[in-house]
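One-based numbering along the sequence shown. Indexing begins at 1, ligand by ligand and atom by atom, following the structure's order.
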Amino acid sequence: MSIASPPFSSPLATRDLAVVWHPCTQMHDHESVPMLAIAQAQGAWLTDSAGRRYLDAVSSWWTCLFGHRHPRIVAALKDQLDRIDHVMLAGMTHEPAVALAEQLVKATPAGLDRVFYADNGSSAVEVALKMSFHYWRNQGQPLRQRFIALGGSYHGETIGALSVTDVELYRSTYSPLLFEPLLAPSPDAYLREPGETPEAFALRRLGDLRELLDRHAHGVAAVIVEPLVQCAGGMRMYHPAYLRGLRQLCDEFGVHLIADEIAVGFGRTGTLFACEQAAISPDFLCLSKGLTGGTLPLSAVLTTSEVYSAFYAEYARGNAFLHSHSYTGNPIACRAAWETLAIFNDEPVLERNRALSAHLANRLAPLIDHPHVADVRESGMIAAIEMVRDKATRAAYPSDERRGLRVYLHGLQRGVILRPLGNVIYFMPPYCITPDEIDLMVEVAIEGIDRACA
Ligand SMILES: *Cc1c(COP(=O)(O)O)cnc(C)c1O
């Protein structure tokens, strides 16, 4: 089936296609799919070089939290540039790294009181995996080398992070290079039996995890999960009872819990951190994406004093944690993140979001009757629509039909950036979005689905 492309291109796009290789892209697609040349970003909107405006309904890969170029973050960055650009974080420190760590310790679940910096989400996952493994080694349990991940999980695309990722598209080609995690079946509520509640299903899936731990716990360092929403795996959502039970199982079997809140942190699921909805504290918390409000790359791994102290020893013991990136704790990025947390402290962000997410849920509700929609789900400022070939059997459209791409192309023509994950159309807008803009975003998505399924 051919894909009609909007007839716009630009000189910048032409130059780009001669030299740039883009992420998550079959470059050949750009023979028919336009390359947007973005010249300006402001609030929820992007403007291209020809002056066309697009609503950024996916927050530029979930990074842009309050909207593009938030005035407070812009001002903080300008001020920081007049002070320190970059210094290494070994043997030195600076106010933004310290102040941000203090604020992160305050804002995150109890017990997480030590902060290790890296510069992107995948690196944060690498840090958490290595730290957990190394903790057990320092504790005289070097056989705890394996990790348990959930089916459908996504934790990034560097070799370690990809190893604990279970999304075919990203993983299968590279699998010979990866280590094998133990996979526990996902508590994803979309997979529950008819008539079963999300909570009952979550509890059933905890039973499967218990069996896995029964057999393997002695060789397991940690369980890694995306709390409440498995984002890149298709915005699949699950009941918080799973996280509560997971925390108990990790305690019972003496394995670490790594919470990857790289996508869901900073209010996306309605609470500042998703773990709060289960009232749990993980042993490691990975943060990135929205951490800097969407301005600069930065990530942080928070852990407990207990973990930290297992590395703290005379030099000759060789217990130190070794993981360094040149730009670890970059002052400019830390300053942006510090200001991001200050905005959460000073403004009723989560409260405002509650009204917006209620409005979004309301607008999406009628879609459940659509002949090609099998599920509509929301969690705070994340909402997703499962587009299917057959509503009764929930049979998916084959991926090579690229129905999601047609929704994307329709969005471009109507000035809304939707970037479906396969057949899942989702929204993860910046928090500055207005009810009218939500209406536009939903209207365009519905039109796109109608066309893609026609
Ligand atoms: C995006 C993402 C990552 C990887 O972060 P990058 O900065 O893209 O490397 C890891 N985990 C989750 C849950 C993510 O959504």
Side-chain angles (χ1 to χ4, degrees), residues 22-25 58-65 108 116-132 147-167 169-171 174 178 181 186-188 222-238 242-243 246 257-269 273-275 282 284-302 323 325 327-330 333-334 336-337 340 379-382 384 419-422 424 426-428:
H22 290 257
C24 202
T25 299
V58 297
S59 295
S60 290
W61 263 346
W62 328 336
T63 58
C64 179
L65 217 52
T108 51
F116 192 97
Y117 291 116
D119 38 35
N120 59 72
S122 302
S123 300
V125 169
E126 302 284 344
V127 166
L129 298 175
K130 283 174 69 178
M131 232 180 225
S132 173
F147 296 92
I148 295 178
L150 300 185
S153 59
Y154 177 95
H155 296 290
E157 293 170 55
T158 53
I159 300 296
L162 189 58
S163 292
V164 289
T165 288
D166 182 46
V167 180
L169 174 68
Y170 306 112
R171 192 182 210 280
Y174 304 102
L178 308 177
S186 173
D188 167 11
V223 180
I224 181 167
V225 298
E226 292 166 90
L228 297 187
V229 188
Q230 296 188 294
C231 292
M235 299 295 163
R236 295 298 186 83
M237 301 178 185
Y238 60 89
Y242 189 83
L243 291 177
L246 169 63
L257 171 55
I258 302 172
D260 175 354
E261 295 221 17
I262 288 164
V264 295
F266 300 103
R268 285 290 175 195
T269 67
F273 297 102
C275 282
F284 299 92
L285 176 67
C286 300
L287 302 173
S288 189
K289 291 204 166 100
L291 174 59
T292 59
T295 55
L296 286 161
L298 179 70
S299 61
V301 178
L302 280 90
H323 187 99
H325 295 292
Y327 281 97
T328 297
N330 172 261
C334 285
T340 296
S379 174
M381 291 296 277
I382 308 173
R419 204 171 189 282
L421 295 157
V424 175
Y426 74 90
F427 309 100
M428 209 192 277

Point to revise | Residue pair Ile262 / Val125, side-chain heavy-atom distance below 4.5 Å | key: yes

Review point. With a 4.5 Å limit on heavy-atom distance, are the side chains of Met428 and Met235 in contact?
Key: yes

**Study point:** Pairwise side-chain contact, Arg236 with Ser186, heavy-atom cut-off 4.5 Å (strictly under)
**Key:** no

Study note, to complete from the structure: For Gly121, the ligand 1 atoms with a heavy-atom partner under 4.0 Å come out as 4 (C), 5 (O), 6 (P), 7 (O), 9 (O)

Point to revise | Proximal ligand 1 atoms for Asp260, defined as those under 4.0 Å from one of its heavy atoms | key: 10 (C), 11 (N), 12 (C), 13 (C)

Review point. Does atom 7 (O) of ligand 1 have any protein heavy atom closer than 4.0 Å?
Key: yes

Study note, to complete from the structure: The atoms of ligand 1 lying under 4.0 Å from a heavy atom of His155, numbered in the order shown, are 10 (C), 11 (N)

Practice item. State the atoms of ligand 1, each with its element, that fall below the 4.0 Å cut-off from a heavy-atom position in Ala263. Key: 15 (O)

Exercise for review: Supply the atom-to-atom distance Thr340 OG1 to Leu291 CG, rounded to the nearest 0.5 angstrom.
Suggested key: 7.0 Å

Study note, to complete from the structure: min-distance protein heavy atom vs atom 2 (C) of ligand 1 -> Lys289 NZ, 2.5 Å

Exercise for review: Output the list of atoms in ligand 1 that are nearer than 4.0 Å to some heavy atom of Gly156, sorted by atom number.
Suggested key: 4 (C), 10 (C)

Practice item. For residues Ile382 and Trp62, determine if any side-chain heavy atom of one lies less than 4.5 Å from a side-chain heavy atom of the other. Key: no

Review point. Taking both backbone and side-chain atoms of Ser122, is any N or O found less than 3.5 Å from an N or O belonging to ligand 1?
Key: yes

Practice item. Report, in ascending order of atom number, the atoms of ligand 1 lying under 4.0 Å from any heavy atom of Trp62. Key: 15 (O)

Study note, to complete from the structure: d(Phe116 CZ, Met131 CE) to nearest 0.5 Å is 5.0 Å

Review point. Do the non-hydrogen side-chain atoms of Val225 and Ser153 ever get within less than 4.5 Å of each other?
Key: no

Check your understanding: Taking the side chain as C-beta and beyond, is there a heavy-atom pair between Leu285 and Val301 under 4.5 Å?
Key -> no

Review point. Short list, please: which atoms of ligand 1 are under 4.0 Å from a heavy atom of Glu226?
Key: 13 (C)

**Study point:** ligand 1 versus Ile262: contacting region, heavy-atom distance under 4.0 Å
**Key:** side chain

